[in-house]
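Every chain is numbered from 1, with letters handed out A, B, ... down the list of sequences.
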Amino acid sequence: MKPSTPKGTRDFSPAEMARRNYIFDTVKAVFRTHGFAQIETPAMENSETLMGKYGEEGDRLIFKILNSGDYLKDVTDLPSFASRPSSLVPLISEKALRYDLTVPFARYVVQHRNDLTFPFKRFQIQPVWRADRPQKGRYREFYQCDVDVIGSDSLLNEVELVQIIDSVFGKLNIPVTLKLNNRKLLAAIAQEVGAPDAFVDITVALDKLDKIGEEKVVEELKQRGISDASIEKLLPLIRFQGDTQQKLAFLATFLGENELGQKGIAEVQTVISTAQPLISPNTVIELDLTLARGLNYYTGAIFEVKSNLPNTLTSTICGGGRYDDLTGIFGLPNVSGVGISFGADRIYDVMLEAGLFPSSAQEGTKVLFVHFGEKEAQYCLPLVKQLREAGIATELYPDDAKLKKQFGHADSLGIPFVAMVGDSEMAENVIGLKDMRSGEQVRVTVKELVERLS
RNA sequence: GUGGUUGUAGCUCAGUUGGUUAGAGCGCUGGAUUGUGGUUCCGGAGGUCGUGGGUUCGAGCCCCAUCAUCCACCCCA
C-alpha cells in the first residue's frame with residue numbers, strides 16, 4: 001500500500017509550519033489588540049446544528065460521520081433507499097465535521113448565553129472541512145481564522161472589522177481590495193424589480209457579468225425564472241458603471257422610497273466614510289453590488305477580500321458579513337452578530353507565490369553541539385542547559401558520529417552555529433564555536449558563547 | 001455533481017514509427033578527509049513504468065477499464 005493523505009488534505013513540514021505559524025501569530029496578535037478572546041469548538045457537531053445553514057450547495061459539501069456500532073439498526077427496508085440515498089443519511093449519521101466556524105459559534109453563544117457578557121468578541125482559529133473537489137487554492141481541510149462580535153447592532157463593529165483587515169494584511173505586506181456590499185441593498189433591488197424572493201438568483205447572475213457579459217446574464221436570469229418585466233427593470237443596474245460614490249448615488253434614485261434600500265445605502269455609506277480615515281493605503285475599499293456570498297445567514301454588510309499582488313491567487317482570502325438572527329435558529333432570537341474569516345491556507349499560498357515570508361519566519365535551532373563520544377556529550381549537557389536557560393535554541397547531537405556527519409546535520413537543518421567540545425577544549429575550559437555561514441571559527445568561554453548567541 | 005489533464009527512481013522530468021539490459025539532473029549513501037559542513041572529485045544503492053485486462057512474435061509507448069492527480073465549471077476561505 002502506498003501511503004497518502006486523503007484527497008484535498010495535506011501534511012505540513014517543519015518549514016511549512018514555521019511559515020503557517022507566522023500567519024497565525026500575526027492574525028492572533030491583531031485580534032488580541034482589538035480585545036477579542038479565543039475559543040475552540042469540537043471538530044464535529046450534531047448534524048442538525050449544521051444542516052440547512054449554508055444553502056443547498058453547502059449541505060452537499062458537509063462531511064457526514066457514519067454512526068458508530070450498528071449504524072443500520074434504525075434502517076428498515078434498505079433497498080427502498082436506493083432511489084433516494086440522501087434520505088438514508090439522517091438514519092445512519094448524526095454527526096458531521098464543521099463546515100465553517102460561524103455556525104458552531106452561534107451554537108456556542110446560545111448554549112453558553114448565561115456565561116457570556118455581550119457584546120461578546122471572540123476569535124477562533126481551527127480547521128474546517130468541505131467535501132469539495134480540490135483545486136488551486138481549494139482544499140478539503142483548511143484553517144479559518146474567525147473574528148466575530150455578537151450582541152451588538154452598531155456599525156462600529158463593521159468598521160472595526162475593516163480596520164482588522166487593514167491591519168492584518170498590512171502586517172503581512174499583502175495589498176488588498178476589500179469588496180463591500182450589503183444584503184439589504186440586494187433585497188431592496190429584488191423588491192424594486194418585482195421579484196422579492198429572487199435576490200439570490202439575481203445577485204448570482206449579476207456576479208457573472210464580468211465573466212459572461214450582459215446577454216448571457218439576461219439569459220441566466222430567465223433560466224432562473226425571473227420575469228421579463230423584472231429583467232427589464234434590472235437592465236439599468238446591470239449596465240451601470242461607476243465608482244463607489246457614483247454607485248451609491250445611482251442606487252439612491254434606483255431604489256427610490258424603498259425603506260430597506262435606503263437603510264442599506266446609509267449603512268454602506270457610514271461604514272465606508274467612518275473606516276476610510278482609519279485605514280492605510282494598503283487597503284482599497286470598493287462597493288461591489290455583484291457580491292452576494294452563498295451563505296444563507298447574512299443579512300447586512302458582506303465583505304470579501306482579494307490580493308492585489310500580481311501573479312498571485314485571485315480567489316477570496318478573507319470574507320464575512322453580518323447575520324441578524326443566526327442564533328435564533330438555536331433558540332436565542334434578536335441577537336445580531338458580524339464577523340469575518342481569514343483563509344489561512346490561501347493567504348499562505350499568496351505569500352509563498354509573492355515571496356513575502358520573512359527569514360524570521362523560519363528560525364529554528366541556533367546552535368548545535370557536536371562532540372566526539374559519550375564522555376564529551378556528558379560534558380556538553382550542562383553547557384547546553386545553560387544556553388537554553390539564556391533563551392538560546394540549542395541542540396546536542398545525540399549519537400556518536402563522525403564530525404563530518406554532525407556538521408552535515410547542522411548544515412542541512414540550516415543551523416547557523418556549531419559548538420564543538422573535544423579533549424583540547426575540555427582541557428582549556430573553552431568551546432569551539434563555528435559560524436556556519438562565514439566558516440569562521442573561534443574559541444570562547446561559556447559566558448562569551450552566551451553573549452555571542454543572545 | 002460536470003468537463004478536461006497528467007501518472008516512469010525519494011523529487012523534477014526525458015524515453016524516437018511498438019524492438020536487446022528503461023535514462024538524466026537533483027536528493028540519498030560511501031570514499032578522497034579517523035577534529036569540520038556548505039564547494040570539488042570518485043564510487044554505490046534505488047524502478048512491478050499507477051493498477052487490472054486486451055492487441056502483438058514483442059508494450060513504458062497502442063486499445064479498454066479502474067484508481068490517483070492537477071486544472072476548469074458550480075460553489076467557496
Does [N] pair with anything, Watson-Crick or G-U wobble, both distances under 3.5 Å, and if so, with which nucleotide?
N: B:rU2; result: B:rA72
N: B:rG25; result: B:rC11
N: B:rA45; result: none
N: B:rG18; result: none

When you measure from the side chain of [X] to the backbone N and O of [Y], does any donor-acceptor pair fall under 3.5 Å?
X: A:K405; Y: A:L403; value: no
X: A:Q406; Y: A:A401; value: yes
X: A:T177; Y: A:V284; value: no

With no angle test and no hydrogens, is the base of [N] tied to the side chain of [X] by a donor-acceptor pair under 3.5 Å?
X: A:Q441; N: B:rG35; answer: no
X: A:S412; N: B:rG38; answer: no
X: A:D411; N: B:rG37; answer: yes

Expressed as a whole number of angstroms, how long is the span from [X]:[atom1] to [N]:[atom2]?
X: A:D146; N: B:rA77; atom1: CG; atom2: P; value: 10 Å
X: A:M426; N: B:rG35; atom1: CE; atom2: C1'; value: 14 Å
X: A:F142; N: B:rC75; atom1: CZ; atom2: P; value: 16 Å
X: A:I302; N: B:rC75; atom1: CD1; atom2: C1'; value: 15 Å
X: A:L368; N: B:rU36; atom1: CG; atom2: C1'; value: 12 Å
X: A:Y297; N: B:rC76; atom1: OH; atom2: C1'; value: 11 Å
X: A:L61; N: B:rA77; atom1: CG; atom2: P; value: 11 Å
X: A:K306; N: B:rA77; atom1: NZ; atom2: C1'; value: 12 Å

Taking the same atom, [atom1], in [N] and in [M], what whole-Å distance lies between them?
N: B:rG18; M: B:rG25; atom1: C1'; value: 28 Å
N: B:rG15; M: B:rU33; atom1: P; value: 42 Å
N: B:rG4; M: B:rG10; atom1: C1'; value: 30 Å
N: B:rC28; M: B:rA9; atom1: C1'; value: 11 Å
N: B:rU12; M: B:rA77; atom1: P; value: 31 Å
N: B:rC13; M: B:rC49; atom1: C1'; value: 13 Å
N: B:rU48; M: B:rC64; atom1: P; value: 26 Å
N: B:rC71; M: B:rG58; atom1: P; value: 40 Å

Nearest to the side chain of [X] - [options]?
X: A:K7; options: B:rU69, B:rG37, B:rA77; answer: B:rU69
X: A:R60; options: B:rG37, B:rA77, B:rG1; answer: B:rG1
X: A:R130; options: B:rC76, B:rC75, B:rG37; answer: B:rC76

(message) According to a cutoff of under 5.5 Å between the ring centres and under 30° between the ring planes, does A:F372 stack with the base of B:rG35?
(response) no
(message) Checking A:D435 now: which residues fulfil salt bridge (charged side-chain N to carboxylate O under 4.0 Å, His left out) with it, not counting sequence neighbours?
(response) none
(request) Look at the rings of A:H34 and A:F36 and say which category their plane angle falls in: under 30° parallel, 30 to 60° tilted, over 60° perpendicular. (result) tilted
(request) Could you verify whether a donor N or O on one side chain and an acceptor N or O on the other, from A:Y323 and A:D148, lie under 3.5 Å apart? (result) yes
(message) For RNA chain B, which residues of residues 398-408 of chain A approach it to below 4.0 angstrom with any heavy atom?
(response) A:K402, A:L403, A:K404, A:F407, A:G408
(request) Evaluate the side-chain proximity of A:N429 to A:T445: yes if any heavy-atom separation is below 4.5 Å, no if none is. (result) no
(message) Any non-hydrogen side-chain atom of A:V421 less than 4.5 Å from a side-chain atom of A:H371?
(response) no
(message) Let me spell it out: for each of A:R138 and A:R133, pick the nucleotide of RNA chain B with the closest heavy atom. Which residue's pick is nearer the 5' end?
(response) A:R133
(message) Judged by each residue's nearest nucleotide on RNA chain B, which is more toward the 5′ side, A:V421 or A:E57?
(response) A:V421
(message) Taking any heavy-atom pair under 4.0 Å as a contact, classify A:Y139: base, sugar-phosphate, or nothing.
(response) base
(request) With heavy atoms under 4.0 Å as the rule, sort A:D132 into base, sugar-phosphate or nothing. (result) base
(message) Would you say A:Q135 places a side-chain N or O within less than 4.0 Å of OP1 or OP2 belonging to B:rC70?
(response) no
(request) Please determine if A:K136 and A:E353 form a salt bridge, counting it only when a charged side-chain N lies under 4.0 Å from a carboxylate O. (result) yes
(request) Flag the pair A:F169 / A:F342 as yes when their ring centroid distance falls below 6.0 Å, and as no otherwise. (result) yes
